[in-house]
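Heads up: the structure comes next, in structure tokens.
Order of listing sets the numbers, starting from 1, for every ligand and every atom in it. The analysis underlying the following values was restricted to heavy atoms, covering all of them including side chains, and did not include hydrogens, waters or symmetry mates. Predicted model, so just to flag it, every value in this text is computed and none were measured.
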Amino acid sequence: MFKILLVSNFEGGFQPMTVASAITPLKEAGFDVSVLDTYVDGILEEKFAEPDMVAISIPLFDALFAGIEIANRVRAINPKAHITFFGQYATINAYRLAGKYGNSCVTGEWEVPLVALARHLSGDEQLMLPGLVTGEMVEKGEQIHPYMAREKFHLPTRDMLPPLYKYPQVQVDKLVGSKQIVGTTEIARGCHHKCLYCSVFAAYDGKVFLVDEDLVVEDVRNLVNGGMTHLTFIDADFFNAKHHGLKVLRRLHEEFPNLTYDFTTRVDHILENKETLTEMAGLNVSFITSALEFPTQEVLDAVAKHTSLEDIEEAVAFLLSTGIKLNPTFIMFNPWIQLEDMVAFREFVEKNGLDEIIDPIQYETRLHLYKGSPLLNTPSVQALELTDNEFHVDWKHPDPRVDELYFASLTPQEEGVFKRCCLKC
Ligand code: SF4
């Protein structure tokens, strides 16, 4: 039987949803599927020898270089295997990954293209290969649209992945107030918004696909059976599908009254949905992650956040009144701050009572410019000293003291420590 190995290396320190969602359709199509999450199990090279196809998940920038390293090891051990990449960050780097680091790369939603590729490689030459960039296409300069024709989602396969307790989440424990077994699911993929720095926007261009309510509930049942005590919705923005999300939460709370939740949403959505959030507090939503970027209007405007400092402070105060904690994220080091703004930042944190809550890693985040980022077309970024790299663009702050402060603030890089501002980039 045609053998497929699905590999994950990092998905924010959570059980990898990207791989869980790919297992099911491949198994339903009759393939022999095995899985490796190197985040938990390390690079088990013995798993590379036999597969006919190895699909490496690249959901985030932080998974990119380890994914390439895995591809190199597979190639050395099993030169005949077809190596492909998939996931949100693979989508925005498909033409840089296909050919050079693997045979192909999926661009867009991955389940249908992965099944089509496996069918094609196992002998069905007649099939179209939607959403698949090959090395040959890169050589010829051929471009395709990402595959965005979603018809349905499949129930993620959880029991082939490492158990949930292998994915500890210190920040969740801190915010919930006790040790948790954390699982993740999603009620939708994509995002309606178009924040200029964001890789979700780059991959989905404002599109959102809803996951069927029954499917979400069934997935959560499986996660609870796997020991989950706290659920993180990894949606780019939970309020992309507000009514859908509220219905899901009501059903889950009825079935699992002790389960707690967190999700991510924007400041403007917090302010627009006060009544809904008050109900959600009663449904055990314990905290909300929100990208505050940097508390100056200049930064908020530069990334087209469409919010104000006053809005942020109102949202912080409102959440406090509901009992839902705020887990703020920042783009701490960015080209639009001045050194003096660091003092204003400290005052903002103290004034809003955020000091105890902020994940320390947030003090080390730096604006990431992916290749093709719309920010690269803005005058304020074009005025910077930029260095072109294969997968991203480095920038220097006009005031060298800001960059000195950034490098001085960095703690030694520990494996698996996530230094991005949200779970999706
Ligand atoms: S930053 Fe958040 S709200 Fe903005 S496009 Fe990205 S996921 Fe959507």
| field | Centroid-centroid under 6.0 Å between Phe14 and Tyr167 rings | value | no
| said: Can you confirm if the aromatic rings of Phe239 and Phe263 lie within a centre distance of less than 6.0 Å? | reply: yes
| request: Answer yes or no for His193: is there an N/O/S atom below the 2.8 Å cut-off from atom 8 (Fe) of ligand 1? | output: no
| Test side chain to side chain contact (heavy atoms under 4.5 Å, CB included) applied to Ile288 and Asn327, Thr322, Leu175, Leu319, the passing residue | Leu319
| field | Closest candidate by heavy atom, reference atom 2 (Fe) of ligand 1, pool Ala203, Ala202, Ala236, Gly206 | value | Ala236
| field | Residue portion contacting ligand 1 (non-hydrogen atoms closer than 4.0 Å) for His192 | value | neither
| task | Check whether the ring centres of Phe61 and His392 lie less than 6.0 Å apart, and answer yes or no. | result | yes
